[in-house]
Undergrad: 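First the structure, which I've put down as structure tokens, then a few questions once you've had a look.
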Amino acid sequence: MKHLWAGRCAACRGWWARAGAVRFFTPPPALREPFKAPARRLRVSARRRVAALTGRPPPSCCVAMDIGADEFEQSLPLLQELVLGADFVGLDIEFTGLRSNLSGPQQISLFDLPSEWYLKTRQSVQQFTICQIGLSVFSSIEGESNKYVAHSCNFFLFPTTFGVLDSEFSFQASSVQFLNQYGFDYNKFLKNGIPYMNEEQEKKIKHNILTGNWKVRSSLDKDQIKVVIDEVTRWLDLAEEGDWMTLPGIAGFQAFEVQLVLRKALPDIWTVLRDQGVIVKKVSTQHRWYLETTSCDRESCWKEKILLSARGFSVFFQMLVKARKPLVGHNMMMDLLHLHEKFFRPLPESYDEFKLNIHNLFPVLIDTKNVTKDIWKELNFPRVSNLSEVYEVLNSDLNPTKNSGPVIIHASRCEKYVETKYPHEAAYDAFLCGSVLLKVAHLLLWKVHSAVPIPEPSFPLYLDVLAPYVNQVNLIRAGVPKIHAEHPEGVQVPPDTADLPVPLLETLPGHQLPAASLQRHYHLGLHCVSPGRSWPVRAARPPAAPSCLHATPVGLFASHPPCKWIGTVPTGNCVLVST
């Protein structure tokens with residue numbers, strides 16, 4: 001009888017048990033409850049297959065921080081599990097360059113409309129590539145009041161080079177210098193980057209692989225393939241049937257490519273992929289035919305495996321899209337452009353089509369730069385916009401909710417962020433994005449309920465107070481400060497009259513003021529104002545400021561200084577707020 005060991009993950013509070021060589025992990029209820037039954041069965045089945053096929057335990061409950069091509073596939077099941085159980089996901093991306101050195105009318109202008117800005121920036125996105133993606137997966141901990149665990153991962157990426165796919169991209173000297181300054185490891189990017197492709201590239205390579213119309217063009221180029229064939233051929237001259245040899249140091253989808261080449265070139269061998277490399281075995285013609293027709297490792301299965309491996313990070317991207325979790329970034333417009341171009345489809349010429357696609361991929365986007373820039377106007381905080389500076393301000397004594405806000409802990413393999421700062425490391429910045437979001441949301445909740453006790457904080461409650469900022473993405477160096485991701489270009493978005501000065505407001509009698517605007521600028525909670533409802537703005541001023549709260553006609557009125565707004569909801573409950 002095998003011994004049984006058990007323990008509990010200190011970061012996510014999940015239970016694990018080990019029976020012999022197999023380790024099983026049970027996530028905490030907060031991570032389990034959102035999962036549907038099919039997803040649960042899929043995860044259990046995946047663990048069993050891993051244990052059965054490899055004879056090794058499934059991945060541990062906390063994913064590694066730095067993930068390259070060598071670690072990616074074995075980390076994929078756990079990454080999927082973390083995302084499915086998350087409240088939201090923080091995102092940050094590092095690039096090989098930001099903007100092309102355009103001149104004349106193609107240069108970015110402060111007067112550009114969003115559609116013009118998009119077309120100019122599109123060229124830069126097509127020219128540069130992603131070298132690192134950082135994700136920080138935030139999950140609330142059941143039984144712990146307002147406490148979250150963050151699993152942060154750096155993914156080093158490199159474009160797929162296989163068959164007809166051979167991407168071209170540029171480096172920008174200033175970007176390389178910038179990342180070098182902060183210790184970016186270009187060896188991990190260039191030597192162990194996870195492959196990826198978009199849907200258009202996938203269609204091409206899938207057609208070529210399944211029809212057999214493909215040619216070698218990868219990091220294992222033709223000369224290297226020739227060396228491998230020569231080595232195996234010399235061995236075959238001396239080998240007897242049943243003998244085998246190992247080709248070490250070949251992994252990933254390149255290993256499948258080598259096997260396809262060898263099987264096609266040499267009719268008296270059979271190949272198998274193992275941990276130590278590609279195993280080549282000498283077999284008879286009859287045995288080869290038998291293996292090709294009966295083996296689960298036959299060529300048709302291989303081609304599907306090659307395609308899956310060549311897709312690389314794009315597999316996880318699709319998991320992220322299907323999970324439909326809120327995606328949080330800081331000044332994230334460039335991130336969204338690259339996500340579309342590299343993992344979904346080439347950026348369209350139509351700005352409206354781009355926004356529609358992004359909204360379908362990620363229905364809930366929150367840009368922390370847009371949120372903090374907006375509320376900074378009303379709070380006595382220094383005007384900072386850099387992500388690290390924003391994080392420091394929210395953790396300082398300037399934040400009245402510093403000691404009552406959410407508690408955020410790092411997962412066990414992400415503890416290097418506890419004491420040390422790693423600015424511009426993608427996973428660290430992704431963690432800062434998520435932390436800023438939670439702290440700002442708690443601050444907004446505190447302001448909404450300043451006159452009454454704050455209800456028990458929860459992420460759904462935080463999303464309520466953040467609702468006015470959802471799908472508003474900050475835009476830099478353009479004619480407008482932000483875009484509305486869910487509104488097509490040309491569709492008139494109601495003007496934000498709460499930002500207008502009183503004299504200008506008085507020139508707009510009968511104009512509709514959205515309730516969301518009230519909530520954002522005057523912190524009326526959802527218990528006072530229903531999103532989507534509108535009240536007419538009236539130019540009349542009452543003769544004097546009211547001495548107490550009382551029912552007024554439905555509408556908004558400006559009082560004498562100190563300036564107040566009095567809003568009335570249809571129930572007759574009067575709300576008094578300060579500007």
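Numbering of residues begins at 1 and proceeds along the displayed sequence.
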Undergrad: Looking at K416, I'd like to know if its NZ atom is crowded, meaning that more than 12 non-hydrogen atoms belonging to other residues, nucleotides or ligands lie closer than 6.0 Å.
TA: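 Enclosed.
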
Undergrad: Taking Q123 for its side chain and K120 for its backbone only, find out whether a donor-acceptor pair lies under 3.5 Å.
TA: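 A pair under 3.5 Å: no.
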
Undergrad: Return the orientation label for the F317 and F362 ring planes: parallel under 30°, perpendicular over 60°, tilted otherwise.
TA: perpendicular

Undergrad: Can you tell me how the ring of F178 sits relative to the ring of H424, calling it parallel under 30°, perpendicular over 60° and tilted otherwise?
TA: perpendicular

Undergrad: Using a 4.5 Å cut-off on heavy atoms from C-beta on, say whether the side chain of E200 contacts that of R345.
TA: no

Undergrad: Answer yes if the ring centres of F158 and F156 are under 6.0 angstrom apart, and no otherwise.
TA: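 No, the ring centres sit 6.0 Å or more apart.
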
Undergrad: Under a 3.5 Å cutoff, is there a donor and acceptor pairing between the side chains of Q127 and S100?
TA: yes

Undergrad: So do the side chains of Q318 and E199 get within less than 4.5 Å of each other, counting heavy atoms only?
TA: yes

Undergrad: Could you give the distance from CZ (F155) to CD (E94), rounded to the nearest 0.5 Å?
TA: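 That separation rounds to 14.5 Å.
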
Undergrad: Can a donor-acceptor pair be found between the side chains of T129 and Y196 at a distance below 3.5 Å?
TA: yes

Undergrad: So, does K355 use its side chain to make a donor-acceptor pair with the main chain of H484 at under 3.5 Å?
TA: yes

Undergrad: For the OH atom of Y391 and the OG atom of S435, what is their distance to the nearest 0.5 Å?
TA: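 Here the interatomic distance stands at 5.0 Å.
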
Undergrad: Look up atom CG in L394 and atom CD in E389, then write down how far apart they are to the nearest 0.5 Å.
TA: 12.0 Å

Undergrad: Hey, are N399 and K439 close enough side-chain-wise for a donor-acceptor pair under 3.5 Å?
TA: no

Undergrad: Can you name the one residue among V390, L443, D367 that meets side chain to side chain contact (heavy atoms under 4.5 Å, CB included) with T372?
TA: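 Of V390, L443, D367, side chain to side chain contact (heavy atoms under 4.5 Å, CB included) with T372 is met by V390 alone.
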
Undergrad: Would you say the ring centroid of F459 lies under 6.0 angstrom from that of F138?
TA: no

Undergrad: Which value, rounded to the nearest 0.5 Å, describes the distance between F316 atom CZ and R311 atom CZ?
TA: 13.5 Å

Undergrad: Ignoring hydrogens and geometry, is there a side-chain-to-backbone donor-acceptor pair from N192 to A69 under 3.5 Å?
TA: yes

Undergrad: What class does the angle between the rings of Y417 and Y422 fall in, given that below 30° is parallel, 30 to 60° is tilted and above 60° is perpendicular?
TA: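 Plane angle between 30° and 60°, so tilted.
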
